[in-house]
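Each remark here refers to the structure printed beneath this line.
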Amino acid sequence: MSDLNQSDNTPTNFIRQIIDKDLEQGKHDGRVHTRFPPEPNGYLHIGHAKSIVLNFGIARDYQGLCNLRFDDTNPHKENMEFVESIQQDVRWLGYDWQDRLFYASDYFQQLYDFAVELINAGKAYVCDLDGEQMRAYRGTLKEPGQESPYRSRSVEENLDLFARMKAGDFADGERVLRARIDMASPNMNMRDPTLYRIRHGVIHHQTGEAWCIYPMYDYTHPVSDALEGITHSLCTLEFEDHRPLYDWVLDNITIPSHPQQIEFSRLNIEYTVLSKRKLTQLVDEGFVEGWDDPRMPTIAGMKRRGYSAASIREFCRRIGITKSDGLVEIGMLETCIREDLDANAPRRMAVMHPLKLVIENYPEDQQEMLEAANHPKDESMGVRQIPFSREIIIDQADFREQANKKFKRLVTGGEVRLRNAYVIKCEEVVKNNQGDIVELRCSYDPETLGKNPEGRKVRGVIHWVSAKHGVKGEVRLYDRLFKQANADKVEEGGRFTDNLNPDSLRTLTECYFEPALADAEVEQAYQFEREGYFILDSVEAGRQPMVFNRVITLRDSWAKIEKGGAK
RNA sequence: UGGGGAUUCGUCUAAUGGCAGGACAACGGACUCUGACUCCGUAUGUGGAGGUUCGAAUCCUCCAUCCCCAGCCA
């Protein structure tokens with residue numbers, strides 16, 4: 001795997017340019033301090049990876065710091081499984097927050113005290129409107145809202161009411177604390193937004209039952225950033241409208257720091273969804289096997305699928321950071337993992353659609369060990385021994401009774417090279433009563449080991465496994481999770497799950513692996529030559545038969561030729 | 001005229017008044033004991049209309065299209 005610094009030769013972007021300018025002007029005492037602030041209500045996905053690479057990458061490149069902070073203000077949806085998986089995934093991606101692991105809940109007392117300060121300044125009030133009334137008073141996008149009848153309560157009453165909210169005197173939904181800003185603002189976020197709500201009976205994963213009032217994101221986030229001395233608070237575009245509120249909060253409390261919020265566009269990738277809400281649905285409604293299902297765009301899923309951290313980082317580097325919405329081609333991601341695995345995956349042979357092949361002129365009781373390079377371009381990866389014998393298994397796709405000369409594999413009466421072994425010739429095709437090909441009878445040329453035959457050219461090379469020595473096992477072939485490139489686009493009245501690809505997983509149970517694969521290591525991807533990159537499924541590891549996940553196919557120009565018709 | 005944002009090859013992204021460049025994808029070829037890898041080559045773009053300027057993707061005006069906002073979610 002490539003080193004973190006090596007793979008992150010990051011091109012500039014508008015955020016780095018802003019930071020450059022800030023540094024030039026001496027803002028923030030010349031410090032750069034970012035944070036990655038996930039809510040622990042789901043697993044991290046590759047969209048988060050974009051943010052992680054951005055935030056931690058900037059911290060590293062500017063000799064700054066990046067905090068990991070859980071935005072845990074909604075205990076209803078959050079839990080420790082998510083807290084733990086997020087830390088694992090960030091670490092696996094290659095980033096280290098050192099001793100700076102924080103929780104917004106660490107600041108609950110300070111948040112409360114600042115709220116009291118706002119109340120004292122007449123900038124916040126307790127409101128008794130229920131949810132429905134609040135909505136009615138809020139107005140619409142085009143019409144201003146109306147002021148709450150509770151908006152002009154005295155400071156004393158607000159102080160008392162807020163204290164009683166905290167003390168548990170009121171039921172859920174009975175009262176909220178709101179900022180007093182402007183009910184006529186064209187920005188809905190400024191129409192007296194809720195600062196605190198009451199939540200009884202939930203056990204917060206960090207604070208337990210200590211609190212029954214919980215602060216809202218728009219209030220918590222700027223305060224948390226400021227308390228941590230964050231200089232640049234990077235978030236996605238949908239929060240652009242919230243920036244005036246972010247700034248309002250910091251401008252109206254006594255806090256000696258004012259981070260700058262900068263927004264960038266979130267990641268969209270073809271044939272998948274990247275919203276935690278939708279991913280949660282896929283898991284909860286059983287469309288996938290879990291958050292780490294290898295078809296999921298989660299970090300855990302991609303890791304189990306066989307994506308390397310370096311390839312994900314490289315992808316994030318290549319897509320860049322801007323403010324324009326886009327839909328990144330899945331090919332971009334696939335190229336990143338192929339490049340990594342091509343350089344780093346040892347080669348092996350495996351057959352997935354077995355076809356028996358008997359070499360008639362190879363003695364029945366004979367077998368030999370053939371040496372094969374583990375990597376065609378990297379001698380340091382060494383060699384391995386592969387047993388060869390009279391009966392071998394090849395792939396059904398590598399034989400045709402007859403074909404035009406574009407087909408470079410085995411045909412009746414034709415020759416082909418067995419990868420790392422001899423040249424063979426197909427003498428006879430054996431079929432069953434249904435006319436299915438069940439066996440090939442061939443001859444081999446003993447003079448062709450390690451050298452080309454004389455006087456003729458053998459164009460094709462196919463892979464194989466010795467029937468007697470091969471290890472039988474399972475391979476799981478993954479395809480795109482959704483049929484539509486834009487998986488979020490749904491027909492009127494439809495659901496995004498209507499776009500699910502029914503063939504996103506195909507399981508092949510009659511596969512033959514060369515013996516060296518019996519020692520396959522967990523988290524080590526291999527290239528099954530001429531097929532693709534595969535990795536032991538981490539969940540099934542240690543069980544028999546062995547189960548390999550296909551990370552990604554090899555680029556397949558033959559498929560293109562065939563699809564385009566014979567030319 | 002609710003408010004906010006966006007628009008450059010098919011896709012992602014540079015250029016910050018001075019030669020529209022890169023990556024991915026595509027196409028053609030070379031090489032090959034992986035139809036892989038690698039190498040060489042080709043084509044493709046500033047949403048539209050005006051204006052300012054010696055010179056505009058960039059500045060101005062108007063237009064079009066797309067995205068976000070009416071949670072006691074983040």
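Letters A, B, ... mirror the listed sequences (proteins, then strands); counts begin at 1.
- The side chain of A:K323 lies closest to B:rA6, out of B:rA26, B:rA6, B:rA14.
- Side-chain N/O atoms of A:R347 and base N/O atoms of B:rU34 include a donor-acceptor pair closer than 3.5 Å.
- Heavy atoms of A:I198 sit nowhere under 4.0 angstrom from any nucleic acid atom.
- When the C1' atom is compared between B:rC12 and B:rG45, the two are found 13 Å apart, to the nearest whole Å.
- Nearest-nucleotide mapping onto RNA chain B: of A:N187 and A:F407, the residue sitting toward the 5' end is A:N187.
- Contacts of A:F239 with the nucleic acid, taken as non-hydrogen atoms under 4.0 Å apart, include base atoms.
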Under the 3.5 Å Watson-Crick or G-U criterion, the dot-bracket string of RNA chain B, with | for inter-strand pairs = .((((((..((((....[..)))).(((((.......)))))....(((((..]....))))))))))).....
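- Taking the P atom of each, B:rC66 and B:rG29 are spaced 41 Å apart, rounded to whole Å.
- Looking at the side chain of A:R419, the nearest of the listed nucleotides B:rC33, B:rA36, B:rC67 is B:rC33.
- At the heavy-atom level, A:K377 lies under 4.0 Å from base atoms of the strands shown.
- For the pair A:K166 and A:Y112, the cation-pi test (distance below 6.0 Å, angle within 45°) is passed.
- Ranking B:rG5, B:rC24, B:rA74 by closeness to the A:E240 side chain, first place goes to B:rG5.
- Nucleic acid contact for A:T140: base, since at least one base atom lies under 4.0 Å from a heavy atom of the residue.
- Salt bridge absent: A:K21 and A:E24 never bring a charged side-chain N and a carboxylate O closer than 4.0 Å.
- The base of B:rG35 lies outside donor-acceptor range of the side chain of A:D556, with no N or O pair under 3.5 Å.
- Centroid-to-centroid, the aromatic rings of A:F388 and A:W464 come within less than 6.0 Å.
- Within 4.0 Å (heavy atoms only), A:M216 reaches sugar-phosphate atoms of the nucleic acid but no base atom.
- Among the nucleotides B:rC24, B:rC68, B:rG71, the one closest to the side chain of A:E238 is B:rC68.
- In this structure, A:R417 reaches the bases: a heavy-atom distance under 4.0 Å links it to at least one base atom across the strands shown.
- Taking the side chain of A:Y217 as heavy atoms from C-beta on, and the options B:rU7, B:rC69, B:rA74, the nearest nucleotide is B:rA74.
- Counting non-hydrogen atoms under 4.0 angstrom, A:L327 reaches the backbone sugars and phosphates but no base.
- Contacts of residues 170-178 of chain A with RNA chain B (heavy atom under 4.0 Å): A:G173, A:V176.
- No engagement by A:R191 is indicated, since no non-hydrogen atom pair under 4.0 Å with the nucleic acid exists.
- Applying the salt bridge (Lys or Arg N to Asp or Glu O under 4.0 Å) rule to A:D218 yields no partners; only residues at least two apart in sequence or on another chain are considered.
- Take the nearest nucleotide of RNA chain B for A:D241 and for A:D128: the residue whose nucleotide is more 5' is A:D241.
- Taking the ring centre of A:F528 as origin, the terminal cationic atom of A:R348 falls outside the region bounded by 6.0 Å and 45° from the ring axis.
- Contacts of A:T220 with the nucleic acid, taken as non-hydrogen atoms under 4.0 Å apart, are absent.
- The base of B:rU34 is not paired with the side chain of A:E531 by any donor and acceptor separated by under 3.5 Å.
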